[in-house]
Amino acid sequence: MRISDMPVAARLKDLGVEVRPGVSLAEKTSLGIGGTTDQLLLYRYDTIPEAMRLLATEQIPHHFLGGGTNLLIADGELPYVVLHLPPVHPGVRIEGTIAHVHASADLGGTVTFCAKNDLGGMEGLIGVPGSVGGALRMNAGAYGTQIGSYVREVELYRAASGEIETLRGNDIRFDYRHTSFAPDDVVLRVKLELPSKPYNDILAGIRVCNEKRRASQPLNQKSAGCIFKNPPGGSAGRMIDELRLKGHRAGGAMVSDRHANFFINVERASCSDMLRLIDDVRERVHGAYGIVLENEVIVWRN
Ligand code: EPU
């Protein structure tokens, strides 16, 4: 969707919003799949409610793009614009055992920054790609750690009220790859309370997790991490592997031969290649195990 030539673009600019025309979202996602649209960079958090009201009045559909690491976007010209919080460096400030973090901060960079300040707990999250805001939305986790355990406060734009609000950690539900945030809430800042730990101990934990991840996951290929959530008590990756589907393809999309719950864009895969592969694997798992796997990856269709 193109709004850069419309009068609304000038009004957005007055609110500190930069409109970048015709951005390829394939370059903004770890899967390397996605069409083209205008990208709106929200430099000022205080004007977000007004910018959102303007988009609503002008009936401009929009989606919020975080780190793009758990996302499958349709191809072609997209019928919506994408909103984005520009990265802030380092995006983290430490005060005692509290880390004040911008949602756009890189998750791995945040884990490292906290470690250098002798704050641990998040070692397992070191190799999880994406932004802190995105990790929070889905309660990202790995190797026994979930980010939600450390959240003390979240500042967010709530579409329901049209205002910026602050929630206490206790008022948010963090479940396995799921939170009580509304789909159109936008996380802006978070306060994490972390256990004090010597840097070298944290580093040792980080190394162990990195090794495990390198040994089992296809880190240098275009993927969105795990495609499906694990069913209660089970492992999607193991079931797909048991069905001998590693290497199974739909067009340019392929089940990883390293970890069967990672689907790879091996050769200019389209969104529909990836969706076909997801549906095909889901049906096969259902046929063999009677379990309907739920997507972990978020899909933006046209
Ligand atoms: N397995 C296989 N074949 C495979 C993959 C896995 O047999 O191709 C087996 C493993 O041998 C193991 C079991 O399945 O016995 C579980 O595998 P793994 O330890 O790799 O964990 P997972 O359940 O597949 C989860 C998260 C990962 C996270 C790891 C490590 C989900 C959907 N995935 O994977 O998170 O990194 O644990 O804690 O919960 C993600 O969410 O995108 C993600 C990568």
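Note that ligands are numbered from 1 as they come in the structure, with each ligand's atoms numbered from 1 the same way.
Under a 3.5 Å cut-off, the side chain of Arg173 and the backbone N or O of His178 do not form any donor-acceptor pair. Under a 3.5 Å cut-off, the side chain of Asn265 and the backbone N or O of Leu31 do form a donor-acceptor pair. Side chain of Ser104 to backbone of Pro86: a donor-acceptor contact under 3.5 angstrom is found.
Residue Arg2 qualifies as enclosed at atom CZ: its count of foreign heavy atoms under 6.0 Å is above 12.
No salt bridge links Asp14 with Arg11; every basic N to acidic carboxylate O contact stays at or beyond 4.0 Å. Remark: Arg238 does not engage Asp241 in a salt bridge, criterion side-chain N to carboxylate O under 4.0 Å.
In this structure, Arg177 is part of the shell of residues with a heavy atom less than 4.0 angstrom from ligand 1. Taking 4.0 Å as the cut-off, Gln217 counts as a neighbour of ligand 1 on heavy-atom distance.
In terms of protein heavy atoms, atom 14 (O) of ligand 1 is closest to Ser235 OG, 3.2 Å. Looking only at heavy atoms of the protein, atom 30 (C) of ligand 1 is closest to Tyr143 CE2, 3.4 Å. Among all non-hydrogen protein atoms, the one lying nearest atom 10 (C) of ligand 1 is Arg238 NH2, 4.7 Å. With respect to atom 3 (N) of ligand 1, the closest heavy atom belonging to the protein is Asp241 OD2, 2.7 Å.
Atoms of ligand 1 lying under 4.0 Å from any heavy atom of Phe228, numbered from 1 in the order shown and given with element: 32 (C). Atoms of ligand 1 lying under 4.0 Å from at least one heavy atom of Tyr176, given by number and element, are 31 (C), 32 (C), 39 (O). Using a 4.0 Å cut-off to heavy atoms of Gly225, the atoms of ligand 1 that qualify are 42 (O). Numbered from 1 in the order shown, with element, the atoms of ligand 1 that lie under 4.0 Å from a heavy atom of Arg213 read 36 (O). Near Phe262, the atoms of ligand 1 lying under 4.0 angstrom from a non-hydrogen atom of the residue are 44 (C). Annotation for ligand 1: atoms under 4.0 Å from non-hydrogen atoms of Ala260 are 4 (C), 8 (O).
Atom 19 (O) of ligand 1 is never approached by the protein to below 4.0 angstrom, counting heavy atoms only. For atom 42 (O) of ligand 1, a protein heavy-atom neighbour is present inside the 4.0 Å cut-off. Within a 4.0 Å radius of atom 35 (O) of ligand 1, the protein has at least one heavy atom.
Where the criterion is an N or O separation shorter than 3.5 Å, residue side chain and backbone included, Gly144 fails it with respect to ligand 1. Between Asn230 and ligand 1, an N or O atom pair is found at a separation short of 3.5 Å.
Between Phe228 and Phe263, the ring centre distance stays below 6.0 Å.
At least one side-chain heavy atom of Val151 sits less than 4.5 Å from a side-chain heavy atom of Leu192. Using a 4.5 Å heavy-atom cutoff, the side chains of Glu123 and Thr145 are not in contact. Two residues are said to be in side-chain contact when any heavy atoms from C-beta on lie closer than 4.5 Å; Val132 and Val92 fail this criterion.
Hydrophobic cluster membership is shared by Val187 and Leu125, with clusters built from Ile, Leu, Val, Met, Phe, Trp and Tyr side chains linked at under 4.5 angstrom.
The option with the heavy atom closest to atom 5 (C) of ligand 1, from among Arg258, His259, Glu296, Glu294, is His259.
Taking the six-membered ring where the residue is Trp, His63 and Tyr80 present perpendicular rings, their angle passing 60° and hence far from 30°.
Both the backbone and the side chain of Cys226 come within 4.0 Å of ligand 1, counting heavy atoms alone.
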